Q: 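Below is the structure I would like to discuss, written out as structure tokens.
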Amino acid sequence: MSFGCIFMFVTSSAPSKDSLGSINGMGQTLASVARAIGPAMSTSLFAVSEQHHLLGGNAVYLFLVLLTVFFLWLTSRLPGELEDRDEEDN
């Protein structure tokens with residue numbers, strides 16, 4: 001469900017229909033980079049928190065919760081409604 005919402009916002013962020021392909025390509029590229037870095041980052045954070053006994057080895061979970069709270073706040077800043085691009089062209 002979130003995948004569809006993300007692409008509605010990506011589509012809405014394009015300033016014109018001519019740039020829609022470029023915006024979609026950049027969105028796909030950034031999503032792929034995040035999917036590649038995410039597992040490595042979380043595994044490394046888990047290893048560091050266990051190795052140094054940070055918060056009893058649970059510091060990774062605190063970091064991930066803080067990251068989640070930050071992104072929830074960031075999504076609350078998105079507009080409530082998407083612009084209808086068809087109405088702008090007519």
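We number each residue from 1, following the sequence as shown. Just so you know, these numbers come straight off a predicted model, no measurement behind them.
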Q: In terms of hydrophobic clusters joined by side-chain contacts under 4.5 Å, are Trp73 and Leu64 together?
A: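 Trp73 and Leu64: one cluster.
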Q: Can you tell me how far NE2 of His53 sits from CG of Asn58, rounded to the nearest 0.5 angstrom?
A: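 The NE2 atom of His53 is 12.0 Å from CG of Asn58, to the nearest 0.5 Å.
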Q: Among Leu67, Val69, Thr68, which one satisfies side-chain contact (heavy atoms from CB on, under 4.5 Å) with Phe71?
A: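 With Phe71 as partner, side-chain contact (heavy atoms from CB on, under 4.5 Å) holds for just one option, Leu67.
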Q: Which is it for Leu20 and Thr11 under the side-chain contact (heavy atoms from CB on, under 4.5 Å) test, yes or no, and what are the steps along the way?
A: CA-CA 7 Å; Leu20 189 56; Thr11 302; 3.7 Å; yes
Q: I need the minimum non-hydrogen distance between Val10 and Ile23, along with the two atoms involved.
A: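 Val10 and Ile23 have their closest heavy atoms at O-CG2, 3.5 Å.
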Q: If Ile, Leu, Val, Met, Phe, Trp and Tyr residues are connected whenever their side-chain heavy atoms lie under 4.5 Å apart, and connections chain through other members, are Val65 and Leu54 in the same group?
A: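 No, Val65 does not connect to Leu54 through the hydrophobic network.
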Q: In terms of hydrophobic clustering (I, L, V, M, F, W, Y; side-chain heavy atoms under 4.5 Å; direct or indirect links), are Leu45 and Phe70 co-clustered?
A: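 Same cluster.
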Q: Report whether Tyr61 and Phe63 are members of the same hydrophobic cluster (ILVMFWY, side-chain heavy atoms less than 4.5 Å apart, transitive linking).
A: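 Hydrophobic grouping puts Tyr61 with Phe63.
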Q: To the nearest 0.5 Å, what is the distance between CG on Leu55 and OG on Ser49?
A: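 Interatomic distance, Leu55 CG to Ser49 OG, rounded to 0.5 Å: 8.5 Å.
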Q: Dump the intermediate steps for side-chain contact (heavy atoms from CB on, under 4.5 Å) on Thr43 and Phe46, then the final yes or no.
A: CA-CA 5 Å; Thr43 302; Phe46 181 73; 5.7 Å; no
